[in-house]
2 protein chains.
Amino acid sequence: MRISELAERTGVSVPTLKFYLREGLLDKGETTAATRAEYGAEHVDRVRLISALTAVRELPLARVRDILRLIDHPADDPVLAMGAAVSALPPYVLPADAAMRESADPAGPEPADTRTREPGDPVRYPRARRAIELLGMEFDPNWPATAQLEAALLGLEQAGLPWDDARAKRYGAAMLSVAKQELKTIAAMTPQQAVSYSVLGTALYEPVLLALRRLAHRSLIDQMAPGAADAGPDAATAPSPPAG
Amino acid sequence: MRISELAERTGVSVPTLKFYLREGLLDKGETTAATRAEYGAEHVDRVRLISALTAVRELPLARVRDILRLIDHPADDPVLAMGAAVSALPPYVLPADAAMRESADPAGPEPADTRTREPGDPVRYPRARRAIELLGMEFDPNWPATAQLEAALLGLEQAGLPWDDARAKRYGAAMLSVAKQELKTIAAMTPQQAVSYSVLGTALYEPVLLALRRLAHRSLIDQMAPGAADAGPDAATAPSPPAG
DNA sequence: TAATACTGGGTACTGTCACTATCCAACGCC
DNA sequence: GGCGTTGGATAGTGACAGTACCCAGTATTA
């Protein structure tokens, strides 16, 4: 098919497809003449994937590129691939970043104090460590998600939201249950498939989880106060003009 | 305190604080003279909150503004506030958006077909509906998270990732457990607090959940293949140069 | 054969975002 | 009374994700 058909089938405009081609996100079609190239089903799939990653996850194209590279040149080792995927997805945390921001204290200490740790040095991630060990998992400061957890917990703290062991256990148990389900699928795959699945899975199951959590909230609130969410709230929570 | 001290305490530069003031994200300090204003603890808290929202969630400032407005002018009704919060957080989905993209089929049908539904019309969200009803929750196409779920499931589909009832049940149960924990906290709050908590909670607990899921994956994989993740993977999953 | 429409490929431009930079006059403290 | 700091404003920056435009070669049609 030609580029215009590719555009039609994927809902992505021709100029944007050209842009993706230029950026190397999309392979060139098979050139049949100086101004003619043929695109196939694999191009459709690729564009769909890019769309899913940008539309659903709002990922910057640079990260989409990272993820596509992981899928195109799999690392064979799912742990490796997942680590890379985790690094490619928000929240983006540089290795020592979470610990660096530590210095912002009400007392107003010298920031130079905590910066004595070099970026390459092992950092402690105290909040993440406590949660991880509480859940019986092994604490590994080099696993990207560890820094992400620390940053997230620091965010909670700065916003004054509660975080305690009971909560950590509940959250951890829930996510372990989810993860078990996902890894059941992986076990039956070839390494190649597993890599692709773990990378895309991290990118695309997460929004599902979050949406379900938000739906669960609504559902539970309705159960708590039936009738309160009948007419009033709906009208306001889903404003008719989408421009809102 | 003066603006320079506010900057010091929060780790945000003075020009950036000025920018936040201009943008109305931050209240002006109490003016004591034409070129003098006094900032207080509430300003420190506000800046911390903005930082948490932008750094942890990578939210665009416009969304941060929405969220701050929700907290400043609470709707009294937590359901209302949560709906608004859900709308303010990624994945950003316009009400009819998920259903619109439906038209992108391999067969290549006329897009005009599905576009006969007007943006204000009720849309079906078939994937979301099935999942929601499977979990025994009430399907409400006007709840923002419904559209978000549909978009997320559509993303899975486009990427060719598995999604079935068993998975939906497992995910749903996990998130219901999390949601129950969170609402336990809310029940003991004043409406004011509840609003603030539900808004911030949606914004800031989500990254925690995702980080835990990623950690759980790693942990489970290590249990499956002990030793495989000892030296090799770590070195590569956490590249020493943060520029990666 | 000629006119027309559509490519592939390239360069240059646009709008948005989240800051930065720079300026200025008015403090305030020493 | 001099000098650094502040509030307030205007303008500029760099990254990002496309868009617009142009050209010449190709396919289709007249």
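No hydrogens, no waters, no symmetry mates; every other heavy atom, side chains included, goes into these values. Keep in mind the model is a prediction, meaning the values are calculated, not measured. The chains referred to below are lettered A, B, ... by the order of the sequence lines, with proteins before strands, and numbering in each begins at 1.
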Inset, instruction - Would you give a per-nucleotide map of nucleotides 24-30 of chain C, 5' to 3', where B means the base has a protein non-hydrogen atom under 4.0 Å away, S means only the sugar-phosphate does, and - means neither? - result: --BSS--
Legend entry - Contact letters for nucleotides 10-23 of chain C, in which S counts primed atoms plus P, OP1 and OP2 and B counts the base, heavy atoms under 4.0 Å: -BB-----SBB---
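Rounded to whole angstrom, the span from the CG atom of A/Asp27 across to the P atom of C/dG8 amounts to 14 Å. At whole-Å resolution of the value, CD in A/Glu5 and C1' in C/dG8 are 17 Å apart. For A/Met1 and D/dA27, the CE to P distance is 18 Å, given to the nearest whole Å. Going from atom CG of B/Leu21 over to atom P of D/dA9 covers 11 Å, rounded to whole Å. Summarising the geometry, the separation between CG on A/Leu17 and C1' on C/dT7 is reported as 13 Å, rounded to the nearest angstrom. Here D/dA17 presents its P atom at 9 Å from CD of A/Glu23, a figure rounded to the nearest Å.
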Inset, instruction - Report the C-alpha distance between A/Arg69 and A/Asp66 in whole Å, list the side-chain angles of each, state the deciding distance to 0.1 Å, and finish with yes or no for salt bridge (charged side-chain N to carboxylate O under 4.0 Å, His left out). - result: CA-CA 5 Å; A/Arg69 198 166 23 226; A/Asp66 292 346; 2.9 Å; yes
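Residues A/Met1 and A/Glu8 have side chains not in contact (no heavy-atom distance under 4.5 Å, counting atoms from C-beta outward). Contact annotation: the side chain of B/Thr32 never approaches that of B/Arg2 to less than 4.5 Å [non-hydrogen atoms, C-beta and beyond].
Atom CG of B/Leu53 and atom CG of B/Leu61 lie 9.5 Å apart (nearest 0.5 Å).
For the ring pair (Phe, Tyr, Trp, His ring centres under 6.0 Å) test, residues two or more places apart in sequence or in another chain that qualify with B/Tyr171 are A/Tyr205, B/Trp163.
Between A/Glu5 and A/Arg9 a salt bridge is recorded (basic side-chain N to carboxylate O distance below 4.0 Å). A salt bridge links B/Asp140 with A/Arg218; the closest basic N to acidic carboxylate O contact falls under 4.0 Å.
With B/Tyr92 as the aromatic partner, B/Arg63 meets the cation-pi criteria of under 6.0 angstrom to the ring centre and within 45 degrees of the ring axis.
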